[in-house]
There are 2 protein chains.
Amino acid sequence: MMYEKYVDLLKEKSIKITPQRLEILRYLDKNRNHPTAYQIYTDLKENNPSLSKTTVYNSLEILNKYDIINTISITGLETRYDIKNIIHHHFMCKKCGRIIDIDIECPNIRKTLEQGHKIEEVHGYFKGRCRECIEKEIDQYGS
Amino acid sequence: MMYEKYVDLLKEKSIKITPQRLEILRYLDKNRNHPTAYQIYTDLKENNPSLSKTTVYNSLEILNKYDIINTISITGLETRYDIKNIIHHHFMCKKCGRIIDIDIECPNIRKTLEQGHKIEEVHGYFKGRCRECIEKEIDQYGS
DNA sequence: ATACTAAATTGTAATGATTATAATTTAGGT
DNA sequence: ACCTAAATTATAATCATTACAATTTAGTAT
């Protein structure tokens, strides 16, 4: 019941249903903060001490390959992961490091590009300072 | 004469003018194929055997900080570098790995987002199969 | 021109994310 | 209840990047 949703996702793609994959999917579904592989690993390890880091990487790779999750290259340091939902962009705050969803899809990019190359993924991100960090600065130094 | 253009770029930002920085800038200006730090390092080392990898990283960092170059996080593996020119997006071919410039700026993203967060960088990229790889496949298997 | 000083460069070592490998276990079909 | 290919695990290796400490240099002041 609890995992049925994720079982179905894997069944659709005819890839093996394992407890590790289900846990990772559930984790990404509940944690929409674009975690790293390491964050997923350490958090899930609490309830499953035998979990291997390699398994996390392998699972993320196959889930990405079958279009169940997205990878986000934005920090330049590590890959972030995101369960697939409606297309959106990301905003990364250079101060606090947070990656925030931006519910926008870049219009007419797809059409514009259907001229030779085949697009399989669309990624957009911005970098700057998030509202919260800006507000903190104002508090600190006076407006 | 040859390096004047790059000297000016550094002067504008009041950062020190060193032969290493000038060479890196010239390299990025001539090589618009989004090289990695390692590629820059090995290519420039040919004419300057004492060049250090750390210098390349340090220089790229400061050039990026002062908005003279751009960093591109797209492969998830390493950072790519691009001399600053008009805003454009990128297309990465999943087959051959090439990163191609797409001369498009996502319209009205900037305005849409001026609601709290401050945008300092706009990045957009697509992944898929480039025209050349697609054409090769057709050649191979018949159309 | 010369001397000075903070900043840049260099080489080496350390770090941290990710991948490779090989042995063990398991999912899912027979 | 098998069987087998695929998944999981632990460990070691790899690769990009950063930290560090010693040396050199750019650019300013003398």
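The figures here come from the full heavy-atom set of this structure, side chains too, leaving out hydrogens, waters and symmetry mates. Remember, predicted model here, so these are calculated numbers, not experimental data. Here is the naming used below: chain letters follow the sequence lines, and residue numbers restart at 1 for every chain.
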Need one value for [X]: base, sugar-phosphate or nothing, where a base atom within 4.0 Å counts as base even if backbone is also close, heavy atoms only.
X       : answer
A:Thr55 : base
A:Pro19 : sugar-phosphate
A:Thr79 : sugar-phosphate

For DNA chain D, whose closest nucleotide is more 5', that of A:Thr18 or that of B:Leu77?
A:Thr18
B:Arg80 or A:Lys16: which one's nearest nucleotide on DNA chain D is closer to the 5' end?
A:Lys16
Looking at A:Arg21 and A:Glu23, is any side-chain nitrogen of the basic one under 4.0 Å from a carboxylate oxygen of the acidic one?
no
Does the distance from a Lys or Arg side-chain N to an Asp or Glu carboxylate O, for A:Asp101 and A:Arg32, drop under 4.0 Å?
no
With respect to the phosphate group of C:dT26, does any side-chain polar atom (N or O) of A:Gln20 fall under 4.0 Å of OP1 or OP2?
no
Answer yes or no: does a side-chain N or O of A:Ser50 lie under 4.0 Å from OP1 or OP2 of D:dT9?
yes
To the side chain of [X], which of [options] is closest?
X       : options               : result
A:Ala37 : D:dA7, D:dT11, C:dT18 : C:dT18
B:Tyr57 : D:dT17, D:dT9, C:dA6  : D:dT17
B:Glu78 : D:dT8, D:dA6, D:dA16  : D:dA16

Distance, rounded to the nearest Å, where [X] contributes [atom1] and [N] contributes [atom2]:
X       : N      : atom1 : atom2 : answer
B:Lys53 : D:dC15 : NZ    : C1'   : 9 Å
B:Ile24 : C:dA8  : CD1   : P     : 13 Å
A:Leu10 : D:dA7  : CG    : P     : 11 Å
B:Leu22 : D:dA26 : CG    : C1'   : 12 Å
B:Gln39 : D:dT17 : CD    : P     : 11 Å
B:Leu51 : D:dT24 : CG    : P     : 17 Å
B:Tyr66 : C:dA7  : OH    : P     : 10 Å
B:Ile17 : C:dA8  : CD1   : P     : 12 Å

Side-chain heavy-atom pair B:Thr71, B:Arg80 within 4.5 angstrom cut-off:
no
Taking side chain as C-beta onward, heavy atoms only, is B:His34 less than 4.5 Å from B:Ile72?
yes
Minimum heavy-atom separation for A:Ile74 to A:Met92, with atom names?
CD1-CB, 3.5 Å
Is there, by distance only and without an angle test, a donor paired with an acceptor across the side chain of B:Thr54 and the base of D:dA19 below 3.5 Å?
yes
